[in-house]
Each structure stands twice: as structure tokens, then as C-alpha cells.
Asker: 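Starting off with a structure, shown below.
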Amino acid sequence: MLDRNTIYALILSVLVISGGFYIQQRLFPSPERAAAAGIVDAGRIEMEPAVTPMITPSEATDPLSAITDRAVDFDYYREIFFETEVFDIVFSNRGGTIKSIRLKEHLDGGEMLEMLNKNTASLTAFNLYMGDFNAPPLNIYFDSRVFSQGDSRIVEFTKDVDLPPRMGFGETTPLTITKRYVFKPFDYLMELQVQITNRNNFPIPLNSDGFAYTLGFGPQIGPTFERLDRLGEFRRFTVLADGRRRNVRMPRGRGEVELTERISWAAISGRYFTLIGIPDATSYTTVLSNSSVDGFEEGARLFFSRPVIGSSNSLDIFRFYIGPKSPEHLRAYNYPDRNGFRMAGLDLDRALDSRYMLGWLQDILKALLNIFYGMIPNYGIAIILLTLVIRILLIPLTHKSYIASTRMAGLSPKMNEIREKYKHNPQKMNQEMGALYKKSGVNPLGGCLPLLLQMPIFFALYGLLSSHFELRGAGFISPWITDLSVADSIFNFAPGSVPIFGSDIRLLPILMVFSQIFSTKLMQAPGAANNPQMKMMTYMLPLIFLFFLYDAPSGLLLYWTASNVLGIAQQVIVNRIMKKKKSA
């Protein structure tokens, strides 16, 4: 039976693991298509119900909100259906915005993955706000055209508008507003040009508290999710400024963070997908928002607010990466020959989750995982083989741990005698215990120190199996585990639910717990099962892990369960060896 010190050390190990999970979650927490897809302007015109009427100059309290459409007919609405090799997009001529942007090569629930996550069909992204991000969006109807220019595919929205006189005097200002979306073949990067021209050739008089306009994306990025819990799906805001990358700490009660510094890019990232906004050299004010919006308890919005314009013609260029958060795709924009826009040094790969000191170890484990997947194209089997290799490499440590634990179990009768004899003299009890350990050549922490030394490997594996992009959608055993990046489920009883466990019965966490309990029992001396401390270690600690990891990705739990099974086999061998030595 393990003594009290050993049990305390095991509890410390659990706390280290749990604390590591918390820190990592909080701080760091296809083949291409053979033929290029064509550009489609379906030309479908759909009539909408009556919309909020445009404000006339006499009704306006702020001239910026009183931009009026010069056309007589406001009552038409048009959707433009557009596709590239990687995108399937629906544009709206109302505001020149995007209603839907889906990724062809990635699925969500069997359908193309939607990167514009919203609860209201009328909401769109890439709106212009005539002022800061709190201003109303510019919902005028644009004229549209779709055309090609070299290898670029372009969707353009243009409209002539009249800016009313400011402060009740002066003449109206005729403006031309153009929004131009530029796409390249096989590129997850798109370019959005915003051009504003004063046709009277005077400076553009757009000024609302120092801002001419704001370009925004929201309310949420895809894919869809049930909740943001950091263990499964999350939203993280990251910026790169002055060559330094940092995660932006968002308000706990939801709100906005305003950045006035010059940034290279700002990103909204989930577990596997990201949107990265890359402004030009203008001194924009960047606003990141996680406020509740459109039915989302936590939104994910990005705004670039442009300062006032001092000329008669302004052309601002924004670029947006909308796609997978994978090193292969993000690093393409560090090299001009690997992307259609010929961009270099964007450092978009720095939007990947930070790994800090264990990054090198995670890279090694990832390389081994990919080698095994190349041998047997099943990531579940590759994880098991990786677990086997790790277990073999750790034999010197784990063997010492098992030997020490077995020896401690053998000392339990003498330890109980000392405790009973000196129960009223703790100092003498500790002296006698120390003498017993010294005489027997046993280190009371010998079974736990090797476990603590394995923690770096465990944390590196946690980071790898929780974020390795190729695990998304990778199955193991159908129909049980069809996606190693999410929790498994053998039965769903929604809409019913159970506190902590939700609406799913998951098999992998249960297998993990039973394998952990069985492994602990193998380390016990005869008669130790009735000891209260041993019962706590045998049953309570695995149950803590069950609650903590019930919704963990199945790839991580597969590793843990396989490691337990291999540990059981190793413990059986050690027990037989120790039994033979004892008999001899």
C-alpha cells in the first residue's frame, strides 16, 4: 500500500496536470480541384419586404447618416453568386457586402463550412459604417459587376451618392463610393479595396469624431458551435504590431478593445479556422469586440476605422485571410512565389496558438505522428503507435516508478505498525519512517517523481492532439469515432441533458477512467483496497479526470486510454518480476 507522502505526491501530480490544462487553455488555452471553378453572376433579383427607409437630409441629425441614393428606385435587391477554387460566396448589393462565405474544401455537418456565423439571415459582413463602429451601416443599393483582370477575379460595387450640406449651409457633395473584392486562384486571401471620390474635386468632407468611415466584419466567424468552452471551440483575438505578436485580453463582461497603434494584422481565431484582417499603411484605429450580438452570447467582430480624408480621392486596401488555421496555408504568405497576391513576410503563421517552451517537443511529436499516418493512413492508429513509441522511450522512468511503487506497497505492513505505535508522537513516527525507508532503500516519492518528469511530454501531446489541423474530420472507428478533433458519442438524448455531462454518452472517457482504476489497483498491496486513502486515490482521482475531460477531443483521450492500457501491461510484467525476486 502506498504511504501518505506518496498519495500526496500523486494528488500534486493531478493538480499539476489540471493546472497545466487551465494555463494552456487560457493563455496559449485536400486535394485541390483539378479544374478551376468559374465565376458566376447568377443575376437573380429578389424582392425584399419594405426595408427601413433612407434618411432624408431634412430628417438627419448627423450629415454622415444622411447619405442618399441618387437613383430613384430603392426597391430592388440582388444577390451575386460567386465562387473560386476555395470559396463559395454570396454577395449582396445592399451595402456591397457578403451574406455567405463558405470553404469548399472543409465541411461542417456534411456541408461546406460557413465562415460567416450568424443567426439572422439578413446580416452581412464587410459593411461600411459612416463614422466609428457604432455608426449605422451604409445600406444603400450598389450597382455591381463581375469581371476578370489577368488572373484576378473581381466583384465590384459602385454607387454615386449625395452628401447633404453640413450645418445647414453649403452645397451637397457628390461622392462615388466603390467597394472592389479581388480574388486569386486557390487563395484563402482576398483583397477589399474601398475607394471614395469627390466628383467636385474638393477634399472629401467625411468626418465624424475624427473618422471618415469604418470597415467591419461580424458578428461571428465559423464554424458553428454549441458553446465556447476553450476545451472544445474558442475565440481568440490576436494582433501583430511592431513585429511582436500578442493575444488581446478581452473584457470578461464582454466589450470592445480599441487599438490606436499601427498594426500589421489583427486575427479572430477559433480552434481550426481564422479570419485575419491586414490593413494598408493608413493609421487606422482597430477595434476588437466580443460583445453579445445577434443571439450570440459572445460575438467576434473586427473593425478598422479610417481617419479623415484630406484629398478628393481615397483608395484604401484591406486584405483578409479567411480559412484554415494550418501552418501550410498561413506560411504561404511569407513567400511571394507561394501565393497569388505575391505577398511576402506577412507572418500570418504567427496567428497559430503559441507553444512557447514546448514548441520544439510538439514539433517532434507531430513529425512522428505524420510518419505513422504515412505508414497507416488512419490517425487513430497513428496516435496508438505514437503512444507505444513514447511508452518505450519512457521505460527507464516508468520502470523506476513501478518498482518504487511496488516496494512501497511491500512496506505497508511495517509502515502501519510504526503509525500505530507512534500515533501520539509524530516526530518519532517520522524518524522511524525515515529509518525504514533508508534501510529498505526506498524513496517515498520515487513512484511520483518520474510521473512529474513526464509532464512536458504530456503537455506537448495535449497541445498537438488538441490543435493538429489534420485531425479535424479524421475518423478512427466508424461509426463510433468519426472525428478525432471532437468528443466521441455513442448515444445522444437531446433535448434532454444531465449537468456536467450534457446530452451525450461518451465511451472514451469511461474507458479512460476504468483503465486508470485498474492500473492503480495493480499497484496496491494485498488488503490495501480497504484503506480510505487508497480508495480516494483509486476512485476519486480518475473521477476528477472524468469530469474535467468528458468533452475533450477523442484524439487526446485515445492517447490517454492507450497509454493506460500499455501501462497496465508494463505493470503486470513488473509484478511478475518482483514476485520471482521475492520468491528467490
Asker: Please confirm whether the backbone N or O of G496 pairs with a side-chain atom of S503, one donor and one acceptor, at under 3.5 Å?
Answerer: yes

Asker: Go through the structure and list residues passing ring-ring contact (aromatic ring centres under 6.0 Å, His included) with F547, not counting sequence neighbours.
Answerer: F501

Asker: Using the ring of each side chain (for Trp, its six-membered ring), is F318 parallel, tilted or perpendicular to Y284, with breaks at 30° and 60°?
Answerer: tilted

Asker: Hey, is CD on E261 packed in by over 12 heavy atoms from elsewhere, all under 6.0 Å?
Answerer: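 Yes - once you tally the heavy atoms of other residues, nucleotides and ligands closer than 6.0 Å, there are more than 12.
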
Asker: Please identify which of these residues, W265, F217, F126, meets the ring-ring contact (aromatic ring centres under 6.0 Å, His included) condition with F320.
Answerer: F126

Asker: With a 4.5 Å cut-off on side-chain heavy atoms, are Q220 and F225 touching?
Answerer: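 In short, these two side chains touch, coming nearer than 4.5 Å.
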
Asker: Looking only at non-hydrogen atoms, find the nearest pair between S92 and Y77 and report the distance.
Answerer: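 Of all heavy-atom pairs spanning S92 and Y77, the closest is OG-CE1, 3.2 Å.
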
Asker: Salt bridge or not for E298 and R254, using N-O below 4.0 Å?
Answerer: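 Yes, charged N to carboxylate O under 4.0 Å.
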
Asker: Whether the side chain of T260 engages the backbone of T285 through a donor-acceptor N/O pair (distance < 3.5 Å, no angle test) should be reported.
Answerer: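 Not confirmed, T260 side chain does not pair with T285 backbone.
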
Asker: Look up atom CD in E470 and atom OH in Y272, then write down how far apart they are to the nearest 0.5 Å.
Answerer: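 Those atoms lie 9.5 Å apart.
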
Asker: Do R506 and S554 have side chains that get closer than 4.5 Å, going by heavy atoms?
Answerer: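 Contact flag for R506/S554 side chains = no.
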
Asker: Donor-acceptor pair, distance only, cut-off 3.5 Å: does the side chain of T120 make one with the backbone of S122?
Answerer: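 No, the answer is negative, given that no donor and acceptor are paired below the 3.5 Å cut-off.
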
Asker: Would the distance check show the side chain of K118 and the main-chain N or O of K99 forming a donor-acceptor pair, the cut-off being under 3.5 Å?
Answerer: yes

Asker: Under the rule for side-chain contact (heavy atoms from CB on, under 4.5 Å), what residues qualify as partners of N134, not counting sequence neighbours?
Answerer: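 N134 satisfies side-chain contact (heavy atoms from CB on, under 4.5 Å) with D132 once adjacent residues are dropped.
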
Asker: As an exercise, state the distance from CG of N313 to OG1 of T197, rounded to the nearest 0.5 Å.
Answerer: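 So the CG of N313 and the OG1 of T197 are separated by 3.5 Å.
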
Asker: Taking all atoms of both residues into account, what is the closest heavy-atom pair of P219 and L123, and its distance?
Answerer: CG-CD1, 4.2 Å

Asker: Are the side chain of Y181 and the backbone N or O of G96 linked by a donor-acceptor pair below 3.5 Å?
Answerer: yes

Asker: Check for a donor-acceptor pair, side chain of R262 on one end and backbone N or O of S283 on the other, with a separation under 3.5 Å.
Answerer: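 Side chain of R262 to backbone of S283, a donor-acceptor pair under 3.5 Å: no, none is there.
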
Asker: Give a yes or no on whether a salt bridge exists between D353 and R236, defined as a side-chain N under 4.0 angstrom from a carboxylate O.
Answerer: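 Salt bridge present between D353 and R236.
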
Asker: Does Y335 have R331 sitting over its ring (NZ/CZ under 6.0 Å from centre, angle to axis within 45°)?
Answerer: no

Asker: Could you check if a side-chain atom of R199 sits within less than 4.5 angstrom of a side-chain atom of T176, using non-hydrogen atoms only?
Answerer: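 Yes, close enough: below the 4.5 Å cut-off.
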
Asker: With the side chain counted from C-beta on, respond yes when S144 and F91 share a heavy-atom pair under 4.5 Å apart, and no when they do not.
Answerer: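 No, their side chains stay 4.5 Å or more apart.
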
Asker: Using 0.5 Å steps for rounding, measure from the CG atom of L556 to the OH atom of Y462.
Answerer: 7.0 Å

Asker: For the residue pair F186 and E85, what are the closest heavy atoms and their distance?
Answerer: N-OE1, 3.2 Å

Asker: Is the closest side-chain heavy-atom distance between N198 and I309 below 4.5 Å?
Answerer: no

Asker: Within the 3.5 Å criterion, strictly below it, is a donor on D143 or T158 matched to an acceptor on the partner's side chain?
Answerer: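 Side chains of D143 and T158: no pair found under 3.5 Å.
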
Asker: Does any part of the side chain of R472, heavy atoms only, come nearer than 4.5 Å to the side chain of S326, both counted from C-beta?
Answerer: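 No. Closest side-chain heavy atoms not under 4.5 Å.
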
Asker: Can you spot which of K179, R319, K184 makes a salt bridge (Lys or Arg N to Asp or Glu O under 4.0 Å) with E191?
Answerer: R319

Asker: Using every non-hydrogen atom in the two residues, find where S269 and T274 come nearest and quote the distance to one decimal.
Answerer: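 It is OG-OG1, 2.9 Å.
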
Asker: With the side chain counted from C-beta on, respond yes when L175 and L206 share a heavy-atom pair under 4.5 Å apart, and no when they do not.
Answerer: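 In contact.
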
Asker: Could you give me the CA-CA distance, side-chain angles and deciding distance for E114 and D108, then say whether side-chain contact (heavy atoms from CB on, under 4.5 Å) is met?
Answerer: CA-CA 8 Å; E114 176 64 71; D108 183 24; over 6 Å; no

Asker: Any salt bridge linking R145 with E156? Criterion: basic side-chain nitrogen under 4.0 Å from a carboxylate oxygen.
Answerer: yes

Asker: Which salt bridge (Lys or Arg N to Asp or Glu O under 4.0 Å) pairs, counting each pair once, include a residue from residues 272-294, with sequence neighbours left out?
Answerer: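 As it turns out, there is no salt bridge (Lys or Arg N to Asp or Glu O under 4.0 Å) pair with a partner in residues 272-294 once direct neighbours are skipped.
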
Asker: If you measure only the distance, is there a donor-acceptor pair under 3.5 Å linking the side chains of D187 and T84?
Answerer: no

Asker: Should the pair F273 and H106 be assigned to parallel (<30°), tilted (30 to 60°) or perpendicular (>60°) ring geometry?
Answerer: perpendicular

Asker: What's the separation between atom CG in D349 and atom CZ in R245, rounded to the nearest 0.5 Å?
Answerer: 10.5 Å

Asker: Take atom CG in N201; do more than 12 heavy atoms of anything else shown fall under 6.0 Å from it?
Answerer: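 Not buried by this count: 12 neighbours or fewer within 6.0 Å.
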
Asker: Does the side chain of F157 reach to within under 4.5 Å of the side chain of Y141, using non-hydrogen atoms?
Answerer: no

Asker: Examine distances only and state if a side-chain atom of D242 and a backbone atom of R244 form a donor-acceptor pair shorter than 3.5 Å.
Answerer: no

Asker: Okay, side chain of S312, backbone of F202: is any donor-acceptor separation there less than 3.5 Å?
Answerer: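 No; judged by distance alone, with no hydrogens or angles, the pair does not exist.
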
Asker: Hey, what do you get for CD1 (I263) to CG (L288), rounding to the nearest 0.5 Å?
Answerer: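 Taking CD1 in I263 and CG in L288, the distance rounds to 7.5 Å.
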
Asker: Report yes or no: does S497 contribute a side-chain atom to a donor-acceptor pair with the main-chain N or O of A494 at less than 3.5 Å?
Answerer: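 Here the side-chain-to-backbone pair does not exist.
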
Asker: List the steps and the verdict of side-chain contact (heavy atoms from CB on, under 4.5 Å) for F469 and E328.
Answerer: CA-CA 10 Å; F469 188 85; E328 175 188 359; over 6 Å; no

Asker: Kindly give the heavy-atom pair with the smallest separation between P251 and N290, and that separation in Å.
Answerer: O-ND2, 3.4 Å

Asker: Taking all atoms of both residues into account, what is the closest heavy-atom pair of F87 and Y188, and its distance?
Answerer: CZ-O, 3.6 Å

Asker: Quick one: pull up CD1 in I204 and OG1 in T173 and give me the separation to the nearest 0.5 Å.
Answerer: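 The OG1 atom of T173 is 10.0 Å from CD1 of I204, to the nearest 0.5 Å.
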
